[in-house]
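Counting starts at 1 for both ligands and their atoms, in listed order. Values below: all heavy atoms of this structure, side chains included; hydrogens, waters and symmetry mates excluded.
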Amino acid sequence: MKIAVIGGTGLIGSQVVRILTENGHEAVPHSPSTGLDLLSGKGLREALDGADVVVNLTNSPTFDDASPAFFRTTMDNLLAAAKDAGVGHAVILSIVGADRVPDLVYYRAKVLQEEILKAGPVPYSIVRATQFFEFMDAVLSWTSDDTTVRLPATLVQPMAAADVAQAVADVCVGAPLQGTRNVAGPEVFRLDELGALTLRARGDHRTVVTDEHAGMFAAASGDALIPPDGAVIAKTSYREWLAR
Ligand SMILES: NC(=O)c1ccc[n+]([C@@H]2O[C@H](COP(=O)([O-])OP(=O)(O)OC[C@H]3O[C@@H](n4cnc5c(N)ncnc54)[C@H](OP(=O)(O)O)[C@@H]3O)[C@@H](O)[C@H]2O)c1
């Protein structure tokens with residue numbers, strides 16, 4: 001299959017390209033550095049020429065009020081070009097529970113991205129993944145000083161980016177789901193405990209202070225970020241990943 005991987009130079013996109021290529025597919029990475037800008041549409045027609053599948057693994061440069069416009073414009077451009085090119089399957093990567101955290105504008109933007117895809121003209125699949133293990137450093141940096149890291153007790157079930165990429169690659173080579181596949185890691189953690197575990201494993205002597213108002217994930221309450229029944233559970237555990 002020929003698969004156009006938009007955002008194919010990113011954390012997930014680059015691994016999706018590698019997995020698909022290793023499995024004999026023609027996976028072509030596209031991003032601003034290869035001459036494709038999904039915001040303006042530059043390079044899109046050429047990128048989709050002859051593609052059976054397009055997978056959109058781009059991300060908004062910011063998680064703030066600008067993110068809905070990023071996902072709206074990029075999805076509108078992508079679907080119009082995919083329809084013109086006769087692409088038979090469009091895939092996006094969203095976030096487990098995105099619709100359950102309405103106070104977070106970035107999560108609302110991801111729901112908007114899903115809705116545009118569902119209402120669009122191209123057969124589709126949505127993969128919803130939980131937070132990536134690789135995202136933990138950013139989470140720790142948002143609300144830290146020299147001695148403490150403030151984190152809420154939000155429940156999370158994070159997963160390795162490599163497992164996310166495998167799940168996306170699997171969906172790309174299958175028939176369009178016309179729906180959503182949820183994928184998650186094998187263990188549920190409180191975010192503050194996950195932070196403490198991470199700092200200990202790295203020999204970082206800062207301490208975690210539980211603060212229900214700290215950082216982006218303060219907006220997610222209860223089990224909002226925990227996948228529903230039927231989710232695909234990935235194998236890699238957080239401790240195993242940390243030890244690598
Ligand atoms: N972080 C999480 O825990 C999490 C959980 C679930 C789902 N997700 C979703 O996973 C997706 C991928 O995330 P990621 O961490 O792999 O992203 P990333 O590493 O930031 O990569 C983003 C990719 O998009 C490209 N890109 C940015 N702006 C573009 C534009 N205007 N036109 C074309 N390409 C553009 C980048 O190209 P350059 O490298 O050239 O800039 C890069 O290849 C996101 O949509 C995110 O919402 C994230």
Exercise for review: Any atoms of ligand 1 less than 4.0 Å from a non-hydrogen atom of Ser33? List them with their elements.
Suggested key: 40 (O)
Check your understanding: Which protein non-hydrogen atom lies closest to atom 10 (O) of ligand 1, naming both residue and atom, and how far is it?
Key -> Leu93 CD2, 3.2 Å
Check your understanding: Can Ser60 and Ser67 be counted as having a side-chain donor-acceptor contact under 3.5 angstrom?
Key -> no
Point to revise | Option set Ile95, Asn59, Thr58, criterion heavy-atom distance to atom 17 (O) of ligand 1, minimum | key: Asn59
Check your understanding: Under a 4.0 Å heavy-atom limit, does Thr130 contact ligand 1 with its side chain, its backbone, both, or neither?
Key -> backbone
**Study point:** Thr9 neighbourhood, listing ligand 1 atoms whose heavy-atom distance to it stays under 4.0 Å
**Key:** 37 (O), 38 (P), 39 (O), 40 (O), 42 (C), 43 (O)
Review point. Does Ser94 approach ligand 1 within less than 4.0 angstrom via side chain, backbone, both or neither, non-hydrogen atoms only?
Key: backbone
Practice item. Would you mind telling me if ligand 1 is within reach of the side chain of Leu11, the backbone, both or neither, using heavy atoms under 4.0 Å? Key: both
Exercise for review: Please report which non-hydrogen protein atom sits nearest to atom 21 (O) of ligand 1, along with the residue it belongs to and the distance in Å to one decimal place.
Suggested key: Gly10 CA, 3.3 Å
Check your understanding: Who's the nearest protein heavy-atom neighbour of atom 35 (C) of ligand 1, and how far?
Key -> Pro32 CD, 3.4 Å
Exercise for review: Could you tell me the residue and atom name of the protein heavy atom closest to atom 32 (N) of ligand 1, and the distance to it rounded to 0.1 Å?
Suggested key: Leu38 N, 2.9 Å
Exercise for review: Of the side chain and backbone of Phe132, name the one, both, or neither that has a heavy atom under 4.0 Å from an atom of ligand 1.
Suggested key: both
Practice item. Using a strict 4.0 Å cut-off to heavy atoms of Ile12, name the atoms of ligand 1 that fall inside it. Key: 16 (O)
Exercise for review: Please identify which atoms of ligand 1 are closer than 4.0 Å to at least one heavy atom of Leu36.
Suggested key: 32 (N), 33 (C)
Exercise for review: State whether a side-chain donor-acceptor pair under 3.5 Å links Asn77 with Thr74.
Suggested key: no
Review point. For atom 12 (C) of ligand 1, what is the nearest protein heavy atom, given as residue, atom name and distance?
Key: Leu57 O, 3.6 Å
Check your understanding: Side chain or backbone of Phe63 under 4.0 Å from ligand 1, or both, or neither, by non-hydrogen atoms?
Key -> neither
Exercise for review: Below 4.0 angstrom from a heavy atom of Ala129, which ligand 1 atoms are there? Numbered from 1 as shown, please.
Suggested key: 6 (C)
Exercise for review: Have a look at ligand 1 and work out which part of Lys110, if any, has a heavy atom under 4.0 Å from it: side chain, backbone, both or neither.
Suggested key: side chain
